[in-house]
There are 2 protein chains.
Amino acid sequence: MTSIRPRPATITDIARQAGVSTATVSYVLNDAPAGARIPEATRARVRAVADELGYVPHASARSLRTGSSSMVLHVHLDVVQGQLASEFLYGLTHALRELGYTLMQYGAERNRGVKAARGWAGMRPAAVIAGYDRLTPAGIDLLGKSGIRVVAVGADPAEVKGTGLSTLRMDNRTVGEEAARHLVGRGYRDLAAVIPAEPPLRGMGEERLRGLREAAAAEGATVRTQDMDWSPESAGSVVRAWLAEGLPEGVFGYNDEFSGLLLGALHDAGVRVPEQVGLVGADDIMLCHMLRPKLTTVRLEAQDPGEVARRIVEVVTERAEVHLSPWRPVLVRRGT
Amino acid sequence: MTSIRPRPATITDIARQAGVSTATVSYVLNDAPAGARIPEATRARVRAVADELGYVPHASARSLRTGSSSMVLHVHLDVVQGQLASEFLYGLTHALRELGYTLMQYGAERNRGVKAARGWAGMRPAAVIAGYDRLTPAGIDLLGKSGIRVVAVGADPAEVKGTGLSTLRMDNRTVGEEAARHLVGRGYRDLAAVIPAEPPLRGMGEERLRGLREAAAAEGATVRTQDMDWSPESAGSVVRAWLAEGLPEGVFGYNDEFSGLLLGALHDAGVRVPEQVGLVGADDIMLCHMLRPKLTTVRLEAQDPGEVARRIVEVVTERAEVHLSPWRPVLVRRGT
DNA sequence: AGCCATTGGTTATTCGTTTAAGCTAAGTTA
DNA sequence: TAACTTAGCTTAAACGAATAACCAATGGCT
């Protein structure tokens with residue numbers, strides 16, 4: 001026995017069963033001004049039938065007709081991670097919902113540039129929010145042509161270009177600068193930094209490193225760097241290299257998680273933190289409170305929580321072009 | 001100066017510019033069998049115009065017409081976290097894409113039950129995959145009425161009911177059992193466990209605890225429990241309570257992150273792990289490799305990677321009803 | 001009685017796409 | 001030469017919802 005696929009109820013079904021026209025149903029269900037002249041008795045009947053049939057408006061049909069979409073697409077790496085990203089998403093989801101938009105996420109996208117952009121554009125979202133490493137000028141152009149606003153997150157406006165593009169800059173340089181100020185302030189002159197080897201994080205790492213370098217140079221400190229993978233083994237070999245060439249005085253571990261791996265490897269090598277080597281991470285995730293000694297870190301703090309969401313909403317609703325860098329680095333001094 | 005909103009190109013635009021009908025354009029662009037009689041010259045012209053105009057098909061219009069959606073909705077907690085979830089999502093995204101489906105994620109949803117279900121149903125996805133704590137019988141019913149398949153993740157089929165519901169059981173009881181076996185095997189008889197206080201995690205915690213309790217009781221061990229918040233302070237007060245009432249021999253920390261917090265608090269209290277207290281976490285995330293001693297943990301391992309994705313695809317495409325529990329607990333013995 | 005206003009709706013069109021069912025002109029066959 | 005094929009399209013009708021424009025019936029006013 002094959003069961004027939006249940007068909008979702010439509011306004012036509014409601015209209016038939018309530019003995020009115022589809023127009024009436026639409027007016028009632030939307031509390032449309034044009035339907036104000038429909039008496040309460042009819043309205044109640046229509047609503048009752050809609051309820052009984054479990055009616056749910058067809059979002060695609062509606063947006064096709066009205067020509068406007070209530071969806072905002074967020075494109076991310078395989079999976080969203082980290083506290084900053086989590087807070088960002090949470091705030092954004094709710095701010096957008098309040099304005100009648102729905103934030104949908106689309107992840108694990110291997111395609112890039114135009115090919116990916118075509119996929120996004122097909123859903124005709126009101127806007128696309130994407131990490132800047134997902135975007136190419138051609139892709140931005142294609143979205144722009146379709147009237148879809150694009151917000152590049154983490155981008156320096158000078159780097160990513162395209163018509164109608166907005167940027168939300170996560171200024172990673174300042175993170176590195178803050179870390180350098182802290183380490184140099186402790187009297188360290190021989191600094192080392194680690195930079196993630198894999199592509200999606202590498203760009204961020206380079207930015208943080210640039211800030212670190214500049215601020216260190218200004219104070220007369222030197223910085224050596226090494227690539228590192230997201231694995232305990234890689235952390236081990238970084239530490240072995242340091243032991244071979246002489247321990248640095250201060251280390252910037254790119255972020256808290258890489259720093260956690262380094263801290264473990266340093267411990268295994270018998271290096272004492274912070275007595276022999278000072279360590280500073282970045283992002284201030286809960287991990288800092290699990291490690292011993294507790295991890296000192298630099299956190300990007302929203303200058304005004306909600307600001308980001310509000311500005312994105314501006315981009316979406318008012319078609320404004322917005323470029324802002326709403327985060328500020330803050331050092332959280334702990335045990336390392 | 002107000003710029004006019006760019007209108008995405010439609011097949012009508014292409015038809016006009018290429019001097020053919022919209023039907024022809026559609027046939028060409030879809031490589032439809034019915035369009036096989038269209039000569040290459042025309043096809044090339046149509047395609048050229050489509051390219052030039054940056055045409056991207058309107059997914060909503062298409063799915064409205066064909067009556068079938070290529071979207072699968074994944075509803076999750078605020079943000080997806082953890083390795084298991086990440087692997088699951090990644091595999092699923094790609095398996096579905098291969099079959100022409102697009103996995104979209106929808107998070108940070110406060111609404112539950114019917115209200116949430118209405119929102120999901122409005123997008124007319126082919127299926128909804130949701131944590132079982134997001135679902136209520138009424139919500140499942142509403143989705144079923146609309147012909148949308150529902151997959152409850154993490155649910156025991158006996159617990160969650162509804163027409164046409166499939167379940168993907170993440171059997172958290174077995175995680176607790178495996179932890180108990182390990183701790184008892186070490187000779188501990190006085191066990192303690194921690195359970196997250198907040199709602200979304202609480203359910204999982206209770207399941208894990210149930211398994212722990214049963215397996216411990218079978219071996220003649222006792223289990224005391226305490227609520228814990230996701231904060232270092234809460235971990236501290238849990239440890240203080242233990243000190244007051246006598247240290248347990250073995251602790252199950254619910255998951256790796258809670259265990260990490262506990263490990264830090266134990267360290268601060270001068271309790272040595274594993275000499276005085278044995279500790280086992282769950283999920284086997286990278287954190288285990290950062291802590292010292294390294295964290296012993298129980299991991300749910302996919303019995304067959306890809307199995308989950310394949311079965312979900314069955315649900316989506318063949319309207320099968322599937323109930324499986326594709327994960328198996330594995331103990332990873334490390335330092336604690 | 002004739003006109004107007006109001007009530008309570010309905011009709012018809014549109015959004016972008018797909019697709020079954022035509023239709024015309026040229027070529028082929030009986 | 002008439003009938004039949006075939007190539008190469010086109011026409012038209014959906015899908016579900018929104019909405020401008022219309023309309024019939026009733027009541028009130030002059």
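The chains referred to below are lettered A, B, ... by the order of the sequence lines, with proteins before strands, and numbering in each begins at 1. Heavy atoms only: backbone and side chains are in, while hydrogens, waters and symmetry mates are out. The structure displayed is predicted, hence computed values, not measured ones.
Judged as a salt bridge (Lys or Arg N to Asp or Glu O under 4.0 Å), and not counting sequence neighbours, R118(B) has no contacts. With sequence neighbours excluded, the residues satisfying side chain to side chain contact (heavy atoms under 4.5 Å, CB included) with I14(A) are V25(A), L29(A), V46(A), V49(A), A50(A), L53(A), Y55(A).
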Base, backbone or nothing for each nucleotide of nucleotides 10-22 of chain D, written B, S, -, heavy atoms under 4.0 angstrom, 5' to 3'? BB-BBBBBBBB--

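Residue-level contact check: T42(B) touches the backbone only, with heavy atoms under 4.0 Å from sugar-phosphate atoms and none from bases.
Side-chain N or O atoms of S69(B) include one that pairs as donor or acceptor with a backbone N or O of R124(B) at under 3.5 Å. Looking only at distances, a side-chain donor or acceptor of T66(A) sits under 3.5 Å from a matching main-chain atom of R62(A). Using a distance-only test at 3.5 Å, with no hydrogens or angles considered, no donor-acceptor pair links the side chain of S146(B) to the main chain of I148(B).
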